[in-house]
Amino acid sequence: MNIKNLKKIKNYNFKKLNKKIYKKWILNKYFNSNYNKNKKSFYLLLPPPNITGDLHIGHILNFTIIDILARIKRMKGYNVCWIPGTDHASIATEIKVIKELKKNGININDLTKKEFNKILLNWSKKYNNIIIDQLKSIGCSCDWNRLQFTMDKNTYKSVINVFIYLYKKGMIYKKNRIVNWDIYAKTTISDEEIIYKNKVNYLYYIKYFTEDKKDFLVIATTRPETIFGDTAVCINPTDKRYKKIINSKKKLIVPIINRIIPIITDKSVDKNIGTGCLKITPAHSNEDFNIYKKHKINIINIFNNNGTLNNNCLNYSGLDRFIVRKKIYIKLKKLGFLVKKKKILSKIGFSERTNTIIEKKLSLQWFLKMKKFIKPALKEIKSKKIVFYPKKKYDNLFYKWIKNIKDWNISRQLNWGHKIPVYYYNNKFVVAKNLNSAIKIIKKKNNNINIYSIKKEKDVLDTWFSSWILPISVFNGINNPNNIDFNYYYPIDVLVTGNDILFFWVLRMIMFSTFLIKKKPFKRVYFTGIIRDKIKNKISKSLGNYKNLYYLLNKYGADGLRVGILWNNHEYDFIFNDKLCIRGRNFINKIWNSFKLVININNFNIINKNKIQYKLIIKWFNNILYYNIYKLNILLNNYKIYKSFILVYDLFKKKFCSIYLEFIKNKNNKINKFVKKKTFKFFYILLKILHPYAPFITEYIWNILKNKEDITISSWPIISSKKFNKKVIKKFNNTFSFIKYLNTIKFNKKKKNIIFIYKSTENKFRKNIYFSLVYKLSLIDKIKFKTKFSIKQKYLFFFYKKYKFYLLKKNIFVKNVNVKIYKKINFYKKFLLKIKKKFFIYINIYYCY
RNA sequence: GGGUGAUUAGCUCAGUUGGUUUAGAGCAUUUGCCUUACAAGCAAAAGGUCAUUAGUUCAAAUCUAAUAUCACCCA
């Protein structure tokens, strides 16, 4: 592009240019990474976004941080391999698609399984493409040759192999247990997918009469509709209130259904909850199920999969659980069994995905034994070889989780996901890679079997079953553990993720990797806070409380968006709004305009004279630039991304633009050769350190200035502490703050202004302040040193730090003399009071003696 | 109930192992400026019992304790 034309362009046109720039990066294969034994590897993994929809601002924060790390490491000469991918998100996607179909008037019950699967597949393709396009538009420097999808052939194969491996080790089993049942999705869900909410509820007190109807117990329950599943009433054996009735060994009659049930005793019953009598419905509560196992009582399931009551519930079968609750309440009241109804506040579990109340239900499911994962994972965490940023105490959290870990329910009653590799025949089953190998195994056991009677397991695996193997499976390290790439790159150098999936994903990856290959899955974990909306809700796909990414990109540009989102400390949760992006865009604009000025300087007339002020300002910026880059590298080594950005922003805008450029530009269009050369040098270095944060605009400017070289593959500046002098920086800082102070004094601009200072402090003053800069940047024309002052008539004195200086009265508007001085006086008055107070106490004590 | 973190300007937040400067930015507000990089800008002003109370110290936004409020995680 012609440089003269550039001057006319007011703003950087990101809409036109960003795509071109990204294409160029891809064409030059800058982001592709291959095995290279001479280079240090740097492995990054994109936490795969769910294909439930497009990306939101929470993803952008996460991915921008990864990109910054990737770009810096690449410039530092590492072989950076950033693997992108998407997650099939079995339950989340399936629910989303069902809802979407419903909107269009399609009921999934009308579709065959094949049709439904086809729709799911098309959905996944569509959103895969959108997500990839969005990742590219924000400038993510991923290796697209290694793109992953958790339902890809390779990952599928890995998942199946892991399942078979664990099954052979005896760690996977099928059993009837109490699980969390989502009545809308009609599947089990994990404990972690339940959200507990405080809700107003009622406690119903119900009379259970003894068989001879002479006596009764009062039972308190929040769920009267479950009386159909009652098979016992349980009391704490130490509860004195019920000693008589327990000893009488009478049995009870369940109201309405008139079932006869025993009274049993168990220490696990809390005497203080309700009346101390607990009705036992073993099929619908974990605690009740445990009691059932101990005491050999009956078990009765009363719910259908959709939350209605089943055939065990008289004429209530087929009705919804909450309708039955109301009906039972009325009936109990009518028959005189109800003692009272009490309002209480209780926590009720909702499904994260469908927002329906979770039902506990006895169900035949696949489980993974977790005990064997504990030891190796604990060992890794205790050794503290995995470093967490920001540095916080996660150890206790991990220990707590690991200690309380239960067997993992890995089966889900869904269509979308990895099918469990199990084949049934004659009420038995085998575990096998595919149907053919299943047949072989079965035939060995029973030659007479009819092949067509063999049926595959319908259930799929929990989404997280493919996620926890991901760091290994992306290199095909499960199917082929000896491959070069896997051994070269593994483990991940930094995992960047939100702290909300610490348990779901981070801990499970540690458990899997340390168990299977006895290696940690990552060296470091960088946690970001969670982005919230105006009312502090978590921004998420399921809430839909975010603006479309393309809207933000069109309005503020990728660079503006990246910079904007970095402007808040993301170590904690923070609230996002558009103002951040405006700030980001304005900063990008500043970069653009500084570029225009630098080009302008290129056309200035060269002069040989070099004034002392220019020498000084270059000395200053030289020092300040190298000092800040030195600090920047320290911050980056400690993974302080937010602070690093603030430093770069401050250095560029406050120091370079506001001070340096303002200083050297002039109306005469003249510049010294040395100044010109230095200015360009500074600008190049600044572009380099800006590049990871704002990759597009810096690349574009670099291309123009450096004649088509690319900044992406330039080298990162590394500065030794010898390149700057802290004392010099301090002297400059003093000078600037002195100038700032002087500028708060209202001078009479028409007269010559002279500062007078005591001769005795001259040396100190000269040591700490550059006079020539003071002359240039303030209204002071001269600094003079004197031995005597006639204060009252002529002069007014001021304090700057330890220095006392004088100005001629006639040169100042006396009324406007610093208000802040009075503030300081107030401060010292208070300070004095404090001391007096202390003295007073002291004197009092003295008098006591 | 247990755990973790937070409380600084009207709003959103920085503030390094206690002292480097009068506790800093950005937005919003007020004032002055279309100046040859930038009005998406420049120059400046106003705005703070650093949640409260006590303690340690020559010195506390920073360390300790208690209290209050809020957020998140777990049961």
Side-chain angles (χ1 to χ4, degrees), chain A residues 6-12 191-192 194-196 286 347 349 390 392-397 399-401 403-404 498-503 529-530 532 534 536-538 555-557 560 564 567-601 603-604 631 634-635 638 640 642-643 645-647 649-650 653-654 656-658 661-662 664-669 726 729-730 733-734 736-738 740-741 743-744 746 799-801 816 818-828 830-831 834-835 838:
Chain A
L6 268 176
K7 274 195 209 167
K8 290 176 197 164
I9 302 170
K10 264 201 161 185
N11 307 320
Y12 170 70
D191 292 342
E192 289 76 33
I194 300 174
I195 295 164
Y196 290 92
N286 267 331
K347 282 195 172 174
K392 274 185 197 167
K393 289 172 192 168
Y394 289 106
D395 300 7
N396 287 337
L397 210 60
Y399 295 147
K400 208 178 162 186
W401 276 340
K403 273 177 191 168
N404 293 327
N499 57 26
D500 51 339
I501 49 172
L502 199 65
F503 180 80
I530 294 157
R532 296 178 182 280
K534 274 178 197 167
K536 292 197 173 178
N537 276 325
K538 182 171 155 181
K555 216 170 170 188
Y556 308 110
W567 229 303
N568 239 305
N569 189 356
H570 52 257
E571 288 179 10
Y572 306 101
D573 294 3
F574 73 89
I575 295 163
F576 177 80
N577 64 43
D578 277 27
K579 276 180 190 170
L580 292 174
C581 299
I582 293 172
R583 218 200 288 190
R585 183 202 56 185
N586 291 357
F587 180 55
I588 299 302
N589 193 41
K590 193 79 185 170
I591 299 175
W592 180 252
N593 281 306
S594 67
F595 163 61
K596 273 162 67 182
L597 180 66
V598 169
I599 284 179
N600 230 355
I601 287 169
N603 300 329
F604 279 9
K631 279 209 293 193
I634 291 173
L635 287 174
N638 290 309
K640 304 213 164 173
Y642 166 72
K643 282 181 184 170
F645 169 71
I646 295 298
L647 184 135
Y649 163 79
D650 188 74
K653 191 176 171 185
K654 300 280 172 65
F656 184 67
C657 293
S658 299
L661 286 182
E662 290 291 337
I664 62 155
K665 75 171 184 186
N666 58 62
K667 285 178 186 174
N668 310 326
N669 292 350
K726 273 191 178 178
I729 291 169
K730 205 174 176 181
N733 282 345
N734 284 337
F736 283 120
S737 83
F738 183 57
K740 210 179 170 185
Y741 180 83
N743 286 342
T744 63
K746 306 267 177 181
F799 267 115
Y800 172 71
K801 290 191 192 174
N816 293 324
N818 223 323
V819 182
K820 280 173 186 169
I821 285 175
Y822 295 109
K823 273 193 175 176
K824 197 157 190 184
I825 291 169
N826 274 330
F827 168 78
Y828 281 117
K830 272 186 188 174
F831 188 64
K834 234 178 169 180
I835 292 166
K838 280 199 171 175

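Letters A, B, ... are given to chains in the order of the sequence lines, protein chains preceding strands, and every chain is numbered from 1. Quick note: numbers below take in every heavy atom, side chains included, and nothing from hydrogens, waters or symmetry partners.
Side-chain contact check for A/D578 and A/Y556: at least one donor-acceptor pair (N or O, by modelled atom type) lies under 3.5 Å.
Listed nucleotides B/rC38, B/rC73, B/rA25 differ in distance to A/K654; the shortest reach to its side chain belongs to B/rA25. Taking the side chain of A/S658 as heavy atoms from C-beta on, and the options B/rC42, B/rA25, B/rA37, the nearest nucleotide is B/rC42. Minimum atom distance to the side chain of A/N586 is reached by B/rA40, of the listed B/rA40, B/rG26, B/rA37. Distances from the side chain of A/R585 to the nucleotides B/rC42, B/rA40, B/rA37 place B/rA40 closest. Nearest to the side-chain atoms of A/L597 among the listed nucleotides B/rA37, B/rC73, B/rU12 stands B/rA37.
If you take CZ of A/R532 and C1' of B/rC70, they are 12 Å apart, rounded to a whole angstrom. In this structure, A/I194 atom CD1 and B/rC74 atom P are separated by 11 Å, rounded to whole Å.
Side-chain nitrogen and oxygen atoms of A/N11 include none within less than 4.0 Å of the OP1 or OP2 phosphate oxygen of B/rA40. OP1 or OP2 of B/rA37 lies within a sub-4.0 Å distance of a side-chain N or O belonging to A/N600.
In this structure, A/F645 has its ring center under 6.0 Å from that of A/W567.
Taking atom C1' in both B/rC63 and B/rG19, the straight-line distance is 14 Å, to the nearest Å. Nucleotides B/rA6 and B/rG10 are separated by 22 Å at their P atoms, to the nearest Å. Taking the C1' atoms as reference points, B/rC34 lies 47 Å from B/rC70, given to the whole Å.
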- Message: Just to be sure I follow the notation: if a pair is Watson-Crick (purine N1 to pyrimidine N3 plus N6-O4 or O6-N4) or a G-U wobble (N1-O2 and O6-N3), each under 3.5 Å, what dot-bracket string does RNA chain B give, with | for pairs to another strand?
- Response: (((((((..((((.....[....)))).(((((.......))))).....(((((..]....)))))))))))).
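When heavy atoms are screened at a 4.0 angstrom cut-off, A/K640 is found touching no nucleic acid atom at all. Contact annotation for A/K579: backbone-only contact, meaning every heavy-atom pair under 4.0 Å involves sugar-phosphate atoms and none involves a base.
One cannot find a donor-acceptor pair under 3.5 Å joining the base of B/rC38 and the side-chain atoms of A/K596.
Residue whose closest nucleotide on RNA chain B sits further toward the 5' end, between A/F604 and A/Y649: A/Y649.
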Report all interatomic pairs (protein N or O, nucleotide N or O of nucleotides 13-18 of chain B) with separations under 3.5 Å.
from	atom 1	to	atom 2	distance (Å)
B/rA14	OP1	A/N569	ND2	2.9
B/rG15	OP1	A/K643	NZ	3.0

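A/I582 is listed as a side-chain neighbour of A/N586, based on a closest heavy-atom distance under 4.5 Å.
Checking side-chain atoms of A/N669 against main-chain N and O of A/F604 turns up no donor-acceptor pair under 3.5 Å.
Residues satisfying the side-chain hydrogen bond (donor to acceptor under 3.5 Å, both in side chains) test with A/N286, not counting sequence neighbours, are none.
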